[in-house]
Participant: 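Mind looking over this structure? Questions follow.
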2 protein chains.
Amino acid sequence: MKTEIKTDAKGKKTVLNTCTEPCAIERGMRLIGGKWTGSIIYHLKDEPVRFNDLCRMLGGASRKMIDQRLKELENNGMVLRSVIDTRPIAVTYSLTEFGRSALDILEQLRVWSESHSDN
Amino acid sequence: MKTEIKTDAKGKKTVLNTCTEPCAIERGMRLIGGKWTGSIIYHLKDEPVRFNDLCRMLGGASRKMIDQRLKELENNGMVLRSVIDTRPIAVTYSLTEFGRSALDILEQLRVWSESHSDN
DNA sequence: CGGTATCCTCTACGATACTG
DNA sequence: CAGTATCGTAGAGGATACCG
């Protein structure tokens, strides 16, 4: 996210784009900004949660979406998938240290969003 | 973002979804999580910026995208569009107080993202 | 229970060309 | 300069059904 605005002797401005693609903010958003991604991370903050419980928590999201997002999060190293081989099988999802490191941002976002719900 | 996990006498857990749709985190993400939205807000943090300068700053984004995002941001009350009636016309975009209130989150996101660019 | 597979629709987005 | 209009494609995402 480096951009310089150069101003010459006559006051004319030139914008230099030195922004590496994709920018840090965009990269970060692609990690936690997907549909339901932030909510999933947030719901895993206290304890491991099972797949179907997560579905119930995220009432508006389809199972396919949640499955997809969980795989992304697993691939990005933010979520850990644990299989407990009972019958029927049980699978829990929990946050890795990396995943946990995103909680501050999400909490701040939640507070910000709620404080502006009056618009 | 209210979800309760009830545990009964036998230790059996029931998940109650009391999450109002859409949740605060999702609502917040829809405000600043669109493609390029965060970057646009971030680039407006110091001073009003003209349309074409913004395009140069966001090298990877098409003009159409930027136009679209700016309109969204204007509709959401985060960005102010100012027309200076010279010839040729000049248009600058700047942050409103509401838009400015999102900068903390974006800055935190940027730092977080950069500190994990080694994965 | 915890998923896949399939189908279908709708939109996001890029490319390009035109305009006051 | 700051857009709008039009077209085309790829992928997002819902609904439904099936599986180990």
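Convention: sequence-line order gives letters A, B, ...; per-chain numbering from 1. Remember, it's a predicted structure, so these values are computed and weren't measured experimentally. All heavy atoms count here, side chains included; hydrogens, waters and symmetry mates do not.
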Participant: A:T92 side chain to A:V49 main-chain N or O, any donor-acceptor pair under 3.5 Å?
Facilitator: no

Participant: Considering only heavy atoms, which members of residues 63-73 of chain B lie under 4.0 Å from some atom of DNA chain C?
Facilitator: B:K64, B:M65, B:R69

Participant: As a test of reading the structure: which of C:dC1, C:dG14, D:dA2 is closest to the side chain of B:A90, going by heavy atoms?
Facilitator: D:dA2

Participant: If the cut-off is 4.0 Å, is B:S62 near the phosphate of C:dC13, judged by side-chain N/O to OP1 or OP2?
Facilitator: no

Participant: Quick one: which of A:K71, A:R63, A:K64 gives a side chain to side chain donor-acceptor pair (under 3.5 Å) with A:D67?
Facilitator: A:K71

Participant: Output yes when at least one side-chain N/O atom of B:Y93 is less than 4.0 Å from OP1 or OP2 of D:dG3, else no.
Facilitator: yes

Participant: Which donor-acceptor pairs under 3.5 Å do side chains of residues 97-104 of chain A form with protein atoms, sequence neighbours excluded?
Facilitator:
| unit_1 | atom_1 | unit_2 | atom_2 | d |
| --- | --- | --- | --- | --- |
| A:R100 | NH1 | A:K45 | O | 3.3 |
| A:S101 | OG | A:F98 | O | 2.5 |
| A:S101 | OG | B:W112 | NE1 | 2.8 |

Participant: Output yes when a side-chain donor or acceptor of B:E26 lies under 3.5 Å from a complementary backbone atom of A:W36, and no otherwise.
Facilitator: yes

Participant: A:D53 CG to C:dG3 C1': how many Å, rounded?
Facilitator: 15 Å

Participant: How many Å lie between CD1 on A:I84 and P on C:dG3, as a whole number?
Facilitator: 12 Å

Participant: For A:D53, is there an ion pair with A:R56 - N to carboxylate O distance below 4.0 angstrom?
Facilitator: yes

Participant: To the nearest Å, give me how far apart CZ (A:F51) and P (D:dC19) are.
Facilitator: 18 Å

Participant: Starting from C1' on C:dG20, measure out to CG on B:D85 and report it in whole angstrom.
Facilitator: 12 Å

Participant: Can you check the A:R30 CZ to C:dC13 C1' distance for me, whole Å?
Facilitator: 13 Å

Participant: How long is the line joining CH2 of B:W36 and P of C:dC13, in whole Å?
Facilitator: 11 Å

Participant: Round to the nearest Å and state the distance from A:R81 atom CZ to C:dC1 atom P.
Facilitator: 15 Å

Participant: Taking atom types as modelled, find out whether A:E74 and A:Y93 have a side-chain donor-acceptor pair closer than 3.5 angstrom.
Facilitator: no

Participant: Whole Å only: how far is the NZ atom of B:K35 from the C1' atom of D:dA12?
Facilitator: 13 Å

Participant: Check the phosphate of C:dG2 against A:R56, side-chain N and O only, distance under 4.0 Å to OP1 or OP2. Yes or no?
Facilitator: no

Participant: Rounded to the nearest 0.5 Å, how far apart are CD of B:E72 and CE of B:M78?
Facilitator: 11.0 Å

